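Hydrogens, waters and symmetry mates play no part in the numbers below; they use all other heavy atoms, side chains included. Naming convention: chains lettered A, B, ... in sequence-line order (proteins, then strands); numbering from 1 in each chain. Since the structure is predicted, the reported quantities are computational estimates derived from the model, not experimental observations.
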Protein chains: 2
Amino acid sequence: MKTRDKILLASLELFNERGERNVTTNHIAAHLAISPGNLYYHFRNKSDIIYEIFLEYEKLVDYYLDIPRDRPLTLEDLTFYLESVFDGLWSYRFFHRDLEYLLDSDPRLRKDYREFTNRCLAAISQIFEKMSEAGIIEPQPEDLRSAMSLNVWLVITNWMAFLKTAHAADEPASLSLTELKQGIYQVLTLEIPYLTPGYREQVMALREKYRPSLPEPTGTGV
Amino acid sequence: MKTRDKILLASLELFNERGERNVTTNHIAAHLAISPGNLYYHFRNKSDIIYEIFLEYEKLVDYYLDIPRDRPLTLEDLTFYLESVFDGLWSYRFFHRDLEYLLDSDPRLRKDYREFTNRCLAAISQIFEKMSEAGIIEPQPEDLRSAMSLNVWLVITNWMAFLKTAHAADEPASLSLTELKQGIYQVLTLEIPYLTPGYREQVMALREKYRPSLPEPTGTGV
DNA sequence: GTATTATTAGAGTATATACTCTAGGCAGTC
DNA sequence: GACTGCCTAGAGTATATACTCTAATAATAC
């Protein structure tokens with residue numbers, strides 16, 4: 001593997017583990033046992049590394065959220081979208097953690113991320129539309145659909161942050177992909193009232209699969 | 001005003017404006033035209049300052065979310081809760097921005113914040129319960145109510161972060177309290193399907209007041 | 001007034017961080 | 001073997017950051 005790619009991979013790994021704020025370029029170089037000079041030969045600065053990682057993330061999600069135009073949506077599609085999006089979120093989980101700071105320090109990233117958000121919102125909205133065409137949910141006015149899409153987006157992108165704050169610091173391996181996917185339970189909660197009688201039970205069963213195991217997802221602990 | 005209080009106030013102001021990460025103790029001291037030594041006479045470290053600000057925030061929200069036990073809830077109550085919570089969010093907006101980092105660097109804060117979250121979730125849940133008692137929304141099973149409360153919490157606490165990312169960097173005074181309160185529109189969106197026929201119109205009218213003025217709240221801009 | 005305590009200034013420090021610069025190695029090519 | 005272009009090492013730097021230390025000043029108590 002090329003040094004350049006190794007740097008991207010190691011950065012992503014360290015960022016995810018410790019948070020971008022706690023990972024310096026020197027850490028990354030040390031982790032790879034290469035010199036800082038070497039790292040800076042491949043990337044102009046830290047922002048550039050982050051930007052390239054974002055491009056990967058963007059590509060991945062765009063790929064997942066490619067909605068078929070030629071056929072109606074199925075429940076399997078819905079499951080796939082949800083699972084995929086949370087997988088992506090997990091793989092690039094450092095990103096949403098320090099989002100504001102990252103966007104403030106890189107105008108390119110800010111612009112791209114804004115467009116990315118808009119694409120995601122449009123995709124979510126489209127999924128709703130096709131779900132109603134498929135008779136899974138009741139049709140909704142445009143208005144409501146876009147407000148709901150936004151709520152879905154808010155829940156998805158912030159579920160992880162919530163989980164982290166809900167955890168006690170000393171809990172080992174304090175966040176797992178399984179836990180993260182309980183976010184799907186939360187997203188499906190948003191859709192419950194709109195389900196058609198024909199699909200209600202199936203979706204509720206799907207939702208049940210992601211129900212948090214603890215009585216309270218926040219884990220009062222004390 | 002005592003120096004100690006001035007430090008807290010200036011810190012909050014600077015944190016809100018520039019983000020905690022971009023504000024050093026030296027900045028705070030300089031802003032107040034006092035010496036770093038003076039600042040450290042009053043606070044052991046930066047974490048202590050943040051912790052005390054959190055205590056204020058906590059106190060404020062706890063005060064707002066004190067649910068009356070002796071009488072049913074009205075729509076005015078609901079409006080008050082929503083307005084107040086977003087006011088609080090606005091006044092201490094730096095806090096949710098760097099939340100994860102802050103919690104990671106101060107175990108005290110982590111513990112307190114977790115309990116705070118649980119109290120808020122309980123309050124939201126209670127509001128739902130009392131709203132159904134008052135006949136504003138249909139009664140819901142405990143299960144659904146707590147999942148919905150969590151969604152409300154996610155939307156509320158992350159609405160601001162979303163707004164900031166949706167903004168272009170160069171927009172002047174890039175975030176206003178008015179805009180922030182469009183979050184109320186999003187929260188009320190969550191409740192629409194559960195409204196009773198008797199209250200539906202009133203709540204929808206209330207929601208309408210907070211509707212974003214732009215066609216798309218994300219402001220494609222380009 | 002004097003003693004005591006609370007506050008303040010301001011220079012200073014250890015450490016970290018992002019990033020630079022120079023010198024050189026290594027692979028291929030003629 | 002020498003030239004070229006890509007890659008790498010590693011020492012080094014300017015700046016920032018959180019925080020300390022000492023001495024002086026104001027406030028208060030008696």
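Using a cut-off of 4.0 Å between Lys/Arg side-chain N and Asp/Glu carboxylate O, B/Arg4 and B/Glu52 are scored as salt-bridged. Under the 4.0 Å criterion applied to side-chain N and carboxylate O atoms, A/Arg21 and B/Glu20 are assigned as salt-bridge partners.
Separating the CG atom in B/Leu73 from the CD atom in B/Glu129 is a distance of 10.0 Å, to the nearest 0.5 Å. Between the CG atom of B/Asp66 and the OG atom of B/Ser84 there is a distance of 11.5 Å, given to the nearest 0.5 Å.
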Show every donor-acceptor pair shorter than 3.5 Å between a side-chain atom in residues 35-42 of chain B and any protein atom, with sequence neighbours excluded, or say none if there are none.
| residue | atom | partner | partner atom | Å |
| --- | --- | --- | --- | --- |
| B/Ser35 | OG | B/Asn38 | N | 3.1 |
| B/Tyr40 | OH | B/Thr25 | OG1 | 3.1 |

Subject >> Sequence-aligned protein contact record of nucleotides 7-19 of chain D, with B where the base is within under 4.0 Å of a protein heavy atom and S where only the sugar-phosphate is >> reply: BBBB------SBB
